[in-house]
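Worksheet: one structure, shown below.
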Amino acid sequence: MTNHVSPNPLRRNVLMSAATAAAGAAAAGVSLNATAAATPARETARLVTRDGVTLYYKDWGPKNGQPVVFSHGWPLNSDSWESQMFFLANQGYRCIAHDRRGHGRSSQPWDGNDMDHYADDLAHLIETLDLKNAVLVGFSTGGGEVARYVGRHGTKRTAGLVLVSAVPPLMLKTADNPGGLPREVFDGIRAGSVANRSQLYKDIAGGPFFGFNRPGAKVSQALIDSWWMQGMMAGHKNTFDSIKAFSETDFRNDLKKFDKPTLIIHGDDDQIVPVDSSGRASAGIVKHARLLVYPGAPHGLTDTHKDQVNNGLLAFLKKGLA
């Protein structure tokens with residue numbers, strides 16, 4: 001008598017999911033076999049900084065490809081760059097992104113949550129991996145991290161610089177920066193973080209970050225959930241301190257040290273980091289910077305306008321570095 005073994009439902013679901021993913025990839029024109037042959041499996045690793053902070057990072061794509069190093073925004077982590085990393089790694093670039101100290105899967109130090117430490121951590125990553133001819137890409141707070149990296153460590157290991165929806169030159173309104181945002185704006189973010197950080201993140205993601213508060217906007221609950229999840233992975237103290245770091249740090253002198261080809265990408269409907277006081281102002285400081293302003297694009301354009309951003313980055317890598 002032959003025993004009948006019922007199929008394992010979990011195994012069946014996994015196999016069905018794999019088959020669906022393969023079919024979707026084929027429909028999109030992506031060869032899974034070709035990708036696997038050309039690009040190592042998804043890799044992650046950790047390193048320890050000079051002051052004992054553990055940083056998590058991803059290293060995707062062929063190791064002999066030109067390095068493209070991504071710095072993420074507040075309060076997110078390297079997952080926020082996956083659309084760009086997947087696209088460029090499949091174009092032959094080595095794509096690297098770390099979770100900033102206190103964010104994502106990196107450790108959560110009580111102190112050192114400032115731009116100088118962020119920039120030094122980025123330098124430690126670049127030096128540990130011995131990256132040369134790298135293109136540094138910073139989004140929002142990550143744009144400040146890239147700018148401060150140049151200010152503190154120079155550009156000897158870089159071939160180009162990209163600022164996307166970035167906070168430089170200076171977000172805070174001051175006597176010599178009248179176009180900045182009032183301190184009350186950032187005090188409100190701090191108050192919201194202390195009162196109910198989870199709700200604050202849902203409100204930001206569900207409203208101005210992706211432009212979902214605009215009339216007729218097509219709201220993606222999946223993007224809201226992903227943003228909230230990344231934010232809640234970060235440390236409370238770390239993200240609280242980072243509000244001061246991204247809003248009050250003056251990057252004007254750092255931008256003056258940009259001496260490599262520079263691309264600046266910004267949306268003209270950015271409600272978080274307004275384009276006039278950031279993207280356009282930075283382009284006025286960095287010599288020979290190329291400014292791309294996307295009509296109607298919100299702050300989170302790396303998701304809402306990811307095809308435009310991806311193609312803009314690829315064009316810069318192929319032609320803008322000459």
Worksheet item: So, for Lys306 and Ser83, which heavy atoms are closest and what is the spacing to 0.1 Å?
Response: CD-OG, 3.5 Å
Worksheet entry | Note, Tyr56 side chain near Thr54 side chain (heavy atom, < 4.5 Å) | no
Discussion item. As a quick check of understanding, evaluate side-chain contact (heavy atoms from CB on, under 4.5 Å) for Phe246 and Val273, giving each step before the final call.
Written reply: CA-CA 11 Å; Phe246 73 66; Val273 183; over 6 Å; no
Response to the item:
In short, Ala217 meets Gly211 closest at the heavy-atom pair CB-O, 3.5 Å
Discussion item. Determine whether a donor-acceptor pair (N or O, by modelled atom type, separation under 3.5 Å) exists between the side chain of Ser282 and the backbone of Pro168.
Written reply: yes
Worksheet item: Is the backbone of Thr239 close enough, under 3.5 Å, to the side chain of Trp74 for a donor and an acceptor to pair up by distance?
Response: yes
Worksheet item: Which pair of heavy atoms, one from Ala97 and one from Ser78, lies closest together, and at what distance?
Response: CB-CB, 3.7 Å
Fill in: Pairwise distance CE(Met115) to OG1(Thr141) - rounded to 0.5 angstrom
5.0 Å
Fill in: Expected output: side-chain Arg197 to main-chain Gly231 donor-acceptor under 3.5 Å
yes
Worksheet entry | Path from Met232 to Leu76 over hydrophobic side-chain contacts below 4.5 Å | yes
Response to the item:
Distance col, row Asp225:CG vs Gln230:CD, nearest 0.5 angstrom, shows 11.5 Å
Worksheet item: Between His299 and Phe139, does a ring-ring contact (aromatic ring centres under 6.0 Å, His included) hold up when you go through it step by step?
Response: CA-CA 9 Å; His299 189 62; Phe139 171 81; 5.0 Å; yes
Worksheet entry | Passing option when His305 is tested against Thr302, Asp307, Leu301 for side-chain contact (heavy atoms from CB on, under 4.5 Å) | Leu301
Fill in: Flag if over 12 foreign heavy atoms under 6.0 Å of NZ, Lys260
yes
Worksheet entry | Distance-only side-chain donor-acceptor flag, Tyr118 / Ser242, under 3.5 Å | yes
Fill in: Full working for side-chain contact (heavy atoms from CB on, under 4.5 Å) between Leu317 and Val68
CA-CA 9 Å; Leu317 291 168; Val68 184; 4.1 Å; yes
Item to complete: Answer with yes or no whether the hydrophobic clustering places Leu131 together with Val48; edges join I, L, V, M, F, W, Y residues whose side-chain heavy atoms lie under 4.5 Å apart.
Response: no
Item to complete: Please lay out, stage by stage, how Ile96 and Arg94 fare under the test side-chain contact (heavy atoms from CB on, under 4.5 Å).
Response: CA-CA 7 Å; Ile96 300 161; Arg94 181 181 180 184; 3.7 Å; yes
Worksheet entry | Side-chain heavy atoms of Leu88 within contact of Phe70, under 4.5 Å | yes
Worksheet item: Are Ile265 and Leu163 side-chain neighbours, meaning at least one heavy-atom pair lies under 4.5 Å?
Response: no
Discussion item. Main chain of Ser193, side chain of Asn196: is a donor-acceptor contact present, judged purely on distance under 3.5 Å?
Written reply: no
Worksheet item: So, Tyr201 versus Trp228, ring centres under 6.0 angstrom or not?
Response: no
Worksheet item: Does Lys58 reach the main-chain N or O of His98 with its side chain, forming a donor-acceptor pair under 3.5 Å?
Response: no
Practice prompt. Start with the C-alpha distance between Val309 and Tyr294, add both sets of side-chain angles, then the distance that settles side-chain contact (heavy atoms from CB on, under 4.5 Å), and finish with yes or no.
Written response: CA-CA 9 Å; Val309 173; Tyr294 296 164; 3.8 Å; yes
Practice prompt. Return yes if some donor-acceptor pair links the side-chain N/O of Thr155 with the main-chain N/O of Thr158 below 3.5 Å, else return no.
Written response: no
Worksheet entry | Spacing of Leu161 atom CG and Leu136 atom CG [to the nearest 0.5 Å] | 5.5 Å
Worksheet item: Are any non-hydrogen side-chain atoms of Leu314 and Asn310 less than 4.5 angstrom apart?
Response: no
Worksheet item: Only one of Thr249, Asp120, Asn253, Asp116 clears side-chain hydrogen bond (donor to acceptor under 3.5 Å, both in side chains) with Arg148; which?
Response: Asp116
Discussion item. Using modelled atom types and a 3.5 Å cut-off, is there a donor and acceptor pairing between side-chain atoms of Ser106 and backbone atoms of Asp99?
Written reply: yes
Worksheet item: Quick one: does Asp254's side chain get under 4.5 Å of Tyr149's, heavy atoms only?
Response: no
Discussion item. So, taking the atom named NE2 in His266 and the one named CG in Leu292, what distance separates them when rounded to the nearest 0.5 Å?
Written reply: 12.5 Å
Worksheet item: Just by distance, do the side chain of Arg101 and the backbone of Asn238 share a donor-acceptor pair under 3.5 Å?
Response: no
Item to complete: Hey, could you give me the CD1/OG1 distance between Ile285 and Thr262, rounded to the nearest 0.5 Å?
Response: 12.0 Å
Worksheet item: Has the side chain of Asn113 got a donor or acceptor atom that lies under 3.5 Å from a matching backbone atom of Asp241?
Response: no
Item to complete: Would you kindly confirm whether Phe240 and Leu200 end up in one hydrophobic cluster when ILVMFWY residues are joined by side chain heavy atoms under 4.5 Å apart?
Response: no
Worksheet item: Should Asn213 and Gln271 count as side-chain neighbours, where that means a heavy-atom distance under 4.5 Å?
Response: yes
Worksheet item: Met229, Val219: one ILVMFWY side-chain cluster at the under-4.5 Å cut-off?
Response: yes
Worksheet item: For the residue pair Ala147 and Phe251, what are the closest heavy atoms and their distance?
Response: CB-CD2, 4.0 Å
Practice prompt. Please report the closest heavy-atom contact between Leu321 and Gly160, naming both atoms and the distance.
Written response: CD2-CA, 3.8 Å
Worksheet item: Is any side-chain heavy atom of Asn133 closer than 4.5 Å to a side-chain heavy atom of Arg157?
Response: no
Discussion item. Assess the residue pair Asp121 and His117 against the criterion (side-chain hydrogen bond (donor to acceptor under 3.5 Å, both in side chains)); give the C-alpha distance rounded to whole Å, side-chain angles, the decisive distance to 0.1 Å, and a yes or no.
Written reply: CA-CA 6 Å; Asp121 289 349; His117 280 85; over 6 Å; no
Discussion item. Any side-chain to backbone donor/acceptor pair from Ser278 onto Pro274? Under 3.5 Å, distance only.
Written reply: yes
Practice prompt. Take Glu184 and Lys173 through the salt bridge (Lys or Arg N to Asp or Glu O under 4.0 Å) test and state the conclusion after the steps.
Written response: CA-CA 10 Å; Glu184 290 76 21; Lys173 181 178 181 179; over 6 Å; no
Practice prompt. Answer yes if the side chains of Asp79 and His72 hold a donor-acceptor pair under 3.5 Å, and no otherwise.
Written response: no
Fill in: Pair listing, salt bridge (Lys or Arg N to Asp or Glu O under 4.0 Å) test, anchored in residues 131-146, at least two apart
Arg100-Glu145, Asp130-Lys132
Practice prompt. Could you tell me whether the side chain of Cys95 reaches within less than 4.5 Å of the side chain of Gln84, counting heavy atoms only?
Written response: no
Response to the item:
Sequence neighbours excluded, the answer for salt bridge (Lys or Arg N to Asp or Glu O under 4.0 Å) partners of Asp114 is none
Worksheet item: What heavy-atom pair brings Ala205 and Ile224 nearest, and what distance separates the two atoms?
Response: O-CG1, 3.8 Å
Worksheet entry | Flag if over 12 foreign heavy atoms under 6.0 Å of NZ, Lys287 | no
Item to complete: Give the C-alpha distance, both sets of side-chain angles, the deciding distance and a yes or no for salt bridge (Lys or Arg N to Asp or Glu O under 4.0 Å) between Asp187 and Arg183.
Response: CA-CA 6 Å; Asp187 287 343; Arg183 185 177 298 275; 5.6 Å; no
Worksheet item: NE2/His103 to CD/Gln108 distance, rounded to the nearest 0.5 angstrom?
Response: 9.5 Å
Discussion item. Counting only heavy atoms not in Arg290 (residues, nucleotides, ligands), do more than 12 fall under 6.0 Å from its CZ?
Written reply: no
